[in-house]
S.K.: 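First the structure, then my questions, so here it is.
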Amino acid sequence: MIKLTLPDNSVREYEDGILALDVAKSISEGLARSVVGAVYNGETIGLKDEVKADGTIKFLKFEDKEGKHVFWHTSSHIMAHAIKRIWPDAKLAIGPAIDNGFYYDIDMEYRLVQEDFEKIEAEMKKIVKEGLELERFELPREEAIKFMEERQEPYKVELIQDLPEDAVISFYKQGDFTDLCAGPHLESTKKPKAVKLLSIAGAYWRGSENNKMLQRVYGITFEKAKDLEDYLKMIEEAKKRDHRKLGKELDLFFMSEEGPGFPFFLPKGVEVKNELMKFWREMHKKAGYVEIETPLMLNRHLWETSGHWFTYKENMYTTVIDEQDFAIKPMNCPGGILVYKNAMHSYKDFPMRVAEAGRVHRHELSGALHGLMRVRAFTQDDAHLFILPEQIKDEIKGVIKLIDEIYKQFGFSYKLELSTRPEKFLGEIKDWDMAEASLKAALEELNLNFVINEGDGAFYGPKIDFHLTDCIGRTWQCGTIQLDYQLPQRFEMEYVGADGQKHRPVMIHRTAFGSIERFFGILIEQFAGAFPTWLAPVQVKVLPISDKYNEYAEKVKKQLEDKNIRVEVDLRAEKIGYKIREAQMGKVPFMFVVGEKEVENNGVSVRERKQGDMGSMSVDEIVSVILNKIASRENDSPQLA
């Protein structure tokens, strides 16, 4: 038996088998366009705003992105309710769910401090225990404004006034608390039992420094205390792995006020990037790709043709050359298309797999910048595949296999998401249907689990997104595969078919790393700076016990350099214990300690980062071990042990 709470506040019960049919009937009768709550055997099992035209409904779990959103959105209402109970004069602004929890912007004279969290959390737990049902209702614009004016909520009044004239203005009520909200929400407040407020920050109303500064309270909730405990442990571990902190400590990169959002890579950071790109090029060459390089700056006409000038210009850096507008490229796609159009192609040329590690620039707001994760200049590891319609499925399978191999190299697992036609789209529905069917068939033939993200495709085509899971359980969206029928049309791309006539190719956009810089940041955190030997900027540190052995240490260094092993020697007049600790702090995979015994035996005393003391070995013996690790790209980071 399934119980649904509909927007008109009516509650209906359905046998599982007739759910789709009955909901479809409700829609046709005009009784409901959305479902507010769904309960199965007394348990809330899922929610979704839009019911599909055929009447089917997607039930969500907390593990789903939408399920988390609903859970945490409801939690933000619970927190606001608790704050209003403690400080009745507090004015509420906005309180959305975010990727990891939720926040609420509050305007109040009292300045909240961390010590207040315990009091707010206690009140939230009371509201959870009360199990208040969330009731949705709608009001006409003027009544809605009056409703919030009477409650002295000026920010809500402003939000209502700015809504389109035909907007549905809905509210959610739980006990004595009512909030302006589009929803959806949980059926009641009883689910978010494990509560933790995380931090307070200042936030200008509507993001404008011309407006009042509000207090933003961040929180997280779970149904079980164990889940909250695991999350908090993960947060503590993530702080230790923060790529900004480790990047500075390990001399990998830095950010400067002279170039906000434009990272500076130091020699050790460049070594890591170079190894990443060497791996990337090897993988792509093996998969049948060719590599190109396109200009950093192209003229306005190109960006108008691609559509970026009209839809993305606020994020583009522009200039004028010879009285003509130019833009630094925010995407590599248009340049790749010009390479395609440089020659006429036959159907026999397909598939064409063209890769580019292209430098792009995008203007991000200063408040959004975050180390290497969100920058203004980065290298996008793009590839564009120009194919025939009948090649879509096989080429998608090939791309998935390539990206899978790349991610497994770094110890990442991942989840797949297939995003389908959005409400606003370009092109013909028949093309979309064929594209979506091809993507789905490719995933199914590879026996891969995936979820369908209805209506979240790009405006020009459906896509597959890869959500990586790192070794401490965080997820990152990196790789993507997107089908595109629109740019080939905009740029009038053609090929000569078997019939001798001209046709349009299909275009696939795809990335594996995504942004090289961002992927580098993710790897720093994945390995906590302890890169596998093949990727480590310094693979061996030679540590002489005293100055007497410096000459021998330099000789060992030369032997390793001749084998292309990245090596440093510590010639400082420090005790060997100090040198070892310094090398450990530098996350170096191998340390060679050299003293009298090692000089006599023409060997080294080896300490390996994960195994510890490996004893005395000849230089040739340990070099062979290291070269095998490098050649096989062994994932020997202690973080993945």
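These numbers come from a predicted model, not from an experiment.
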S.K.: Would you call I145 and Q161 a side-chain contact if the rule is heavy atoms closer than 4.5 Å?
M.R.: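 Sidechains of Q161 and I145: in contact.
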
S.K.: I'd like to know if K191 pairs up with E223 as an ion pair, taking the criterion as any Lys NZ or Arg NE/NH1/NH2 lying under 4.0 Å from an Asp or Glu carboxylate oxygen.
M.R.: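 Looking at E223 together with K191, the answer is yes, because their closest N to O distance falls below 4.0 Å.
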
S.K.: Please determine whether side chain to side chain contact (heavy atoms under 4.5 Å, CB included) holds for the pair Q215 and D105, giving the CA-CA distance in whole Å, both sets of side-chain angles, and the decisive distance to 0.1 Å.
M.R.: CA-CA 6 Å; Q215 299 183 68; D105 288 346; over 6 Å; no

S.K.: Is the backbone N or O of T189 less than 3.5 Å from a side-chain atom of E130, with the two atoms forming a donor-acceptor pair by type?
M.R.: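 Checking the backbone N and O of T189 against the side chain of E130, no donor-acceptor pair under 3.5 Å is found.
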
S.K.: Should the pair K245-E249 be classified as a salt bridge under the 4.0 Å nitrogen-to-oxygen rule?
M.R.: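 A salt bridge links K245 with E249.
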
S.K.: Take T420 and E454 through the side chain to side chain donor-acceptor pair (under 3.5 Å) test and state the conclusion after the steps.
M.R.: CA-CA 5 Å; T420 58; E454 294 283 0; 3.2 Å; yes

S.K.: Any salt bridge between K68 and D99, counting N to O under 4.0 Å?
M.R.: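 No.
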
S.K.: When you measure from the side chain of K119 to the backbone N and O of E121, does any donor-acceptor pair fall under 3.5 Å?
M.R.: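 Between the backbone of E121 and the side chain of K119 there is no qualifying donor-acceptor contact (under 3.5 Å).
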
S.K.: Looking only at atom types and distance, does a side-chain atom of Q477 sit under 3.5 Å from a main-chain N or O of D465, one as donor and one as acceptor?
M.R.: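 Checking the backbone N and O of D465 against the side chain of Q477, no donor-acceptor pair under 3.5 Å is found.
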
S.K.: For K415, which residues count as a side chain to side chain donor-acceptor pair (under 3.5 Å) partner, sequence neighbours excluded?
M.R.: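 By the side chain to side chain donor-acceptor pair (under 3.5 Å) rule, K415 matches no residue at all.
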
S.K.: Using ring centroids (six-membered ring only for Trp), state whether F410 and F519 fall under 6.0 Å.
M.R.: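 Close enough - the centres of the two rings lie under 6.0 Å apart.
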
S.K.: Which is it for H81 and D176 under the side chain to side chain donor-acceptor pair (under 3.5 Å) test, yes or no, and what are the steps along the way?
M.R.: CA-CA 9 Å; H81 191 176; D176 58 354; 2.7 Å; yes

S.K.: Got a second to check how far R244's CZ is from K248's NZ, nearest 0.5 Å?
M.R.: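 These two atoms lie 12.0 Å from each other.
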
S.K.: Mark yes or no for whether R376, through its side chain, and E364, through its backbone, hold a donor-acceptor pair below 3.5 Å.
M.R.: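 Here the side-chain-to-backbone pair exists.
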
S.K.: Kindly say whether G514 contributes a backbone atom to a donor-acceptor pair with the side chain of D381 at under 3.5 angstrom?
M.R.: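 Confirmed, D381 side chain pairs with G514 backbone.
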
S.K.: Please work out whether the ring planes of H243 and F253 are parallel, tilted or perpendicular, with thresholds of 30° and 60°.
M.R.: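 It falls in the parallel class, under 30°.
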
S.K.: Just do the side chain to side chain contact (heavy atoms under 4.5 Å, CB included) check on T74 and Y172 with the steps written out, would you?
M.R.: CA-CA 10 Å; T74 303; Y172 280 82; over 6 Å; no

S.K.: Is the closest basic N to carboxylate O distance between K146 and E149 below 4.0 Å?
M.R.: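 Between E149 and K146 there is no salt bridge, as every charged N stays at least 4.0 Å from the carboxylate O atoms.
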
S.K.: Could you measure the distance from the CD1 atom of I78 to the OG atom of S188? Nearest 0.5 Å is fine.
M.R.: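 So the gap between those two atoms works out to 8.0 Å.
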
S.K.: Keeping the roles fixed (side chain from W72, backbone from T221), state whether a donor-acceptor pair exists under 3.5 Å.
M.R.: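 Yes, the answer is positive, given that a donor and an acceptor are paired below the 3.5 Å cut-off.
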
S.K.: I'd like to know if K84 and D179 make a salt bridge, using a cut-off of under 4.0 Å between side-chain N and carboxylate O.
M.R.: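 Looking at D179 together with K84, the answer is no, because their closest N to O distance does not fall below 4.0 Å.
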
S.K.: With distance as the sole test, does E123 use its side chain to make a donor-acceptor pair with the main-chain N or O of R85 at under 3.5 Å?
M.R.: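 Judged by distance alone, no pair lies under 3.5 Å.
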
S.K.: Flag the pair H73 / H77 as yes when their ring centroid distance falls below 6.0 Å, and as no otherwise.
M.R.: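 Yes - the distance between ring centres of H73 and H77 falls below the 6.0 Å cut-off.
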
S.K.: How far apart are the C-alpha atoms of W87 and I106, what are their side-chain angles, what is the distance that settles it, and do they pass the side chain to side chain contact (heavy atoms under 4.5 Å, CB included) test?
M.R.: CA-CA 11 Å; W87 295 280; I106 311 287; over 6 Å; no

S.K.: How far does CZ of F147 sit from CD of E153, to the nearest 0.5 angstrom?
M.R.: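 Between atom CZ of F147 and atom CD of E153 there are 10.0 Å.
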
S.K.: Just do the side chain to side chain donor-acceptor pair (under 3.5 Å) check on D404 and Y414 with the steps written out, would you?
M.R.: CA-CA 9 Å; D404 173 77; Y414 59 85; 2.6 Å; yes

S.K.: Is K233 paired with E229 through a side-chain N to carboxylate O contact shorter than 4.0 Å?
M.R.: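 Yes, E229 and K233 are salt-bridged.
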
